[in-house]
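Down below is the structure, laid out as structure tokens.
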Amino acid sequence: MKTKKFIFNKLIEITILFFIILTILFFLFRAAPGDPITRMVDPNLTPEDIQHLIAQMGLDQPAWKQYIIYIKNFFTGNLGHSFHYGAPVSSIILNRMPCTILLFTTSTLLAAFVGVFLGKIAAWKKGSRLDNFLSIGALLCHTLFIPWFALLVLWILAYKVGWFPLGGIISPELWIWDTSIFIKVLDVLHHMFLPLLTLFIIHLGSYLLLMRSSMLGVIKEEYIITARAKGLSDKVIRDKHAARNAALPVITSVGLSLAFSINGGALTEQIFTWPGIGRELIFAVSNNDYPLAQACFLLITAVVLIANLIVDLLYAYMDPRIKY
Amino acid sequence: MKNTKNRPENKNHYVERFTKGWAIYIKNPMGKAGLIILLIFMLMAIASFFVPLLGPVYDPMTGADPNITYSTGPSFQHWLGTDFIGRDLFVQLLEGAKVAFIVGLSCAFISVVLGTAIGMISGYAGGIIDTLLMRVADIFMVLPSLVILLILASLWELSIWVIIFIIAIMRWPSVSRIIRSQTLSLKSRPFIEASRVAGASNFRIIFKHIMPNVLPLAFLYMTFRVTSAILVEAALSFLGFGDPGQVSWGMMLQWVWSSGHMFQAPYWLLPPGICISLLTLSFYMLGRAMDEVLDPRLRKEGEGE
Amino acid sequence: MTEEQNNQTPIIELNGVTKEYSSKKNFLSKGEASIIALNNISLAIQKKEIFGLVGQSGSGKTTIGRILVKLEEPTKGIIKLNGKPTNNLKGRLLKNYRSKVQMIFQDPYQSLNPHLSIAETIIEPLVVNRIGNTATRREKVIETLEIVGLSPGQEFFHRYPHQLSGGQRQRVAVARAIILDPEFIVADEPTSMMDATIAIQLFQLLLDIRKKFKMTFLFITHNLAAAKYLCDRIAVINNGVIVETGIADKVIKNPQNAYTKKLILAQPGFNFKN
Amino acid sequence: MALLRVENLSVGYKSKHGLIHAVNNISFSIEKGRSLGFVGESGCGKTTLGMTLMGLLPENASILQGDIFFNDDNLAGFNDEKWRTFRGKEISMIFQAAMNALNPVIRVDEQIAEVIAIHNPQMPRTQVFDQVKKIFDLVEIPEDRLRDFPHQYSGGMKQRAIIAMALACAPKLIIADEPTTALDVIVQDQILKEIKKIQTALNTSLIFISHDIAVVADVCRDICVMYGGQIVEKGNREEVFQSPRHPYTRSLLESFLTLDSNGDIKVPEIRESPDLITITGGCSFAASCKKKCEKCENRNPGWVNLSSTHQALCFEEVIHKD
């Protein structure tokens, strides 16, 4: 019952936040130098169509009316028309979304699990050769410059050795012909490997470091001494008593670092020409396709907000002391 | 009376604390390594002021070697080679070091000053002020800074200082959250209450009692902020949205990528990336070593008390 | 409520003081239950006495102390200092009040700012109340240090909290409390973190100070034996309600209230019967 | 034969300033079913002693010399593996409840069940939990609180759960380190009664460590008074508390406040804590001793027998000087 109320309250908060961001975005686009009409309406359209669009978006109206129309359009799913694709923005981003979610969630979850696992081991053997190796490795991963690392990976593993494709998500020839679903999945995985590797390496470092320092704090707690006094084995103390407590702050930081991970995600998509939201955003921004850029941005914001809610719930689930 | 004795004794305490902290710091191999790398980059940044004086060829932006019209590998004349219009890559690398330092340090400084001030006010004032400030922080916190910069860069042409300012604005919330929680825990400490009971004003309590206790933490966060600021600026430049009038490491990578040399010219691809990673790494190591100085829990047993 | 009411006005008087805390989480979920920390407390403390407030943790004894030094305001009820009501004081009046009522805190490790020297800590009340100049302040600090048994004062003047033992720190806290010559001092479990032999030294110091400066103390404690040793009168508090008040010896020898009896029975002693 | 026999035990901590002799040449023994109290002020080494007996010394501490005989085993020579099968089964420990000795994210019954399970690997799960229920009955925690998390417990209940944990495998020796320090007087009284009741019921040996003389006197029949890492006086409680002979024990008792004490309290002089790093030849209490003579400062005191059970670490002349 209380959990439901908590979720409900959180949803309201998120909605308010989202609208604040939406509003700021609206005024940003109006405040920028130049003519908002040319910015919002595709110049390639016929004059009649342009007139139609101007009326539809209220661009001939005063600013406050435009704002109301803008909100109304947003609710009806009308996010404008992409200049470049000449198609409704909403359909484009819906098309790109699965690719991003596939890459992003896989890499985040994988990195979180491996990072937490290695961080746990490193902290438990603090000062050992393994710990030094893992910590320095994690530090290097954490401070890598993503696009550079991605280019390096691309250069060596795709260009020099040729094990993986240079970019994209599928090999078109496989999809034209009737091939089994199994081969198609393998093909996607083959394409996904390099971007996944890049994002995995980058996130791994920060999760490892976080878990390690969190674990070092927990090891000093009294209940670890109690556990030792019981005669439990090292492994049980580490995994059951220490790691579960140490993982809690790591969960919180997953939420807090989401915004940061999105930066990395966009850069990775761009270099591996992975057809996701991030790449679409960079593309839209480079080509002054403003409606598309706006829509991508709003989608990213919504995803981050919802992901934060999930993280909060997960935390409450993991920590019995918190009951919403 | 002998009031003159007051001052030097006072100073001694800080000197003593510094030397003590330094002794712990320098024992940490990570801190030592970070400091050495940092010093090398500082030398590079300083050198960037003098190298262009050698001749117009050595200007990182406009100094194209007239004899070279395509990208060449390392040579005696151009230690790291040249880019596709004959500009010296080593000179560009030096210039990049300067830019990275300017971006990193000024971003970190602005965001930490802002974050510390807001965090202290928010934590100390509590109530509605706290709620409002932290909600604003939440908004900034969920926004991916690179994406925001991209949107803004598409609407305006951003100069390096504007970029620095925007990154700083995006980065204060995490600092102020930490300072706020520190302030909250300090606020309920008896020594703050004792000072209130003695009749001290809020102003005095914040500056005399809370600030000295949060400053080390703020300073620590400054080193971490440097790292993220450098990375964001480099990413922006790499995507082609940096200050077009300013050579930077990100810009060099943008050129090698967009000119299609990335698989042909490792002498061009490798150095800027290594520099970015190494410089951020050195700041990070600096911060971690400082963390150990500040956090007695992580100190080796027996040295604590 | 108190026997033998002398003609003097009491220095501190609490009249029907109630304190509630509401457990409000955020602005969306409005406060549900409120916790009553103090329920209709009435007390009068006479000049020059050491008044003991005995209770277990969570009984509300610390809240009374905090209300008296204006770290908190009561939800209901009146507090009088020398017969004058002192609720909701602001600005100069508050400063004036605080120069008369001071506090010694429980934890000597937490009650001194680690970044300030002993001198800076003790001098603070003088500075914020703009009393004296640099030279006279210095003299006053050294004098106070000697009073609390940290002599020679010069030697402690420039030290920092981490260079002192727990007992010495608490003496610094005492010095800070008495430097303004207050009329009334709240001592909130000043010895609960100390060894018994150090604690008794501090009690001795408080007794000396009372004799020398005619100060009044409210001594908050969970230790009945300490209250009996130090206090003239005591009040026993349980769940925010005062259950018994009276002369310390009498209350302990002949408790009237069931809770007080239980408390006395629970004290470990040297009876080797079993 | 004594259950536990400690001989010439010294434990040191490495520190920046040198080796800290936290426990210095201690010998004592405890029989089956007896209760032995260690009392002393902070820094006297009593907690270090308890941790040494459990094999739980921190990394920078080590046993410098001496033997700890438990039945036929010498605990001083145990390795990690041996300790693991030993701790919780033969010797167990009751910790201070406020120190967050229970893991906050694991249910209480599970935390107790795991002690039983680890030392009885072949016992089926249902039987383990039956055992847990029995122990909860013994320490008087209601059965419906079994599945709670520690934060849902009050201080007194947490302490009962910790006692239950220590009892889980019916150990031969229980070490209680300040088990009631953070508790209110009334709860403390209940817990102390609980400990006494269980100790007599199960006939286990008990080592009880506290800074509170009255608490130790309440629980234990034999007493060791510690100062500066050494035992300075030992005997049964009547001897130690009713006719203390060591100057330190005396000053401790003279300044101890009880409900019965009238104006006979003596305020001790302010004294420096003993230096545990530079061990000089001489009594560690000499600097604060009112009755000290010349040789106190440069010769080590020896054990003075006062009765068959009562001994003090002092010089004959000093003890008999009044």
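Reminder, nothing fancy here: chain letters follow the sequence lines and each chain counts from 1. All values below come from the heavy atoms of this structure, side chains included, with hydrogens, waters and symmetry mates left out.
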Can a side-chain donor-acceptor contact be found between D:Thr181 and D:Gln96 if the only test is distance below 3.5 angstrom? no
Heavy atoms only, distances under 4.5 angstrom: which of C:Ile198, C:Asn223, C:Leu265, C:Leu263 has the most pairs with chain D? Name it, please. C:Leu263
Between D:Ile213, D:Leu257, D:Asp212, who has the most heavy-atom pairs with chain C when the cutoff is under 4.5 Å? D:Leu257
Is it the case that over 12 heavy atoms from other parts of the model lie below 6.0 angstrom from the NZ atom of C:Lys48? no
Ion pair check, D:Lys193 and D:Glu140, cut-off under 4.0 Å: no
Which region of D:Gln188, side chain (C-beta onward) or backbone (N, CA, C, O), has a non-hydrogen atom less than 4.5 Å from a non-hydrogen atom of chain C, or is it both or neither? side chain
Side chain, backbone, both or neither: which part of C:Ile252 has an atom under 4.5 Å from a heavy atom of chain D? side chain
Tell me, for C:Gln201 versus chain D, whether the close heavy atoms (under 4.5 Å) come from the side chain, the backbone, both or neither. both
Could you check whether any side-chain heavy atom of C:Tyr259 comes within less than 4.5 Å of a side-chain heavy atom of C:Gln56, counting everything from C-beta outward? yes
Using a strict threshold of under 4.0 Å (side-chain N to carboxylate O), is an ion pair present between C:Asp188 and C:Arg66? no
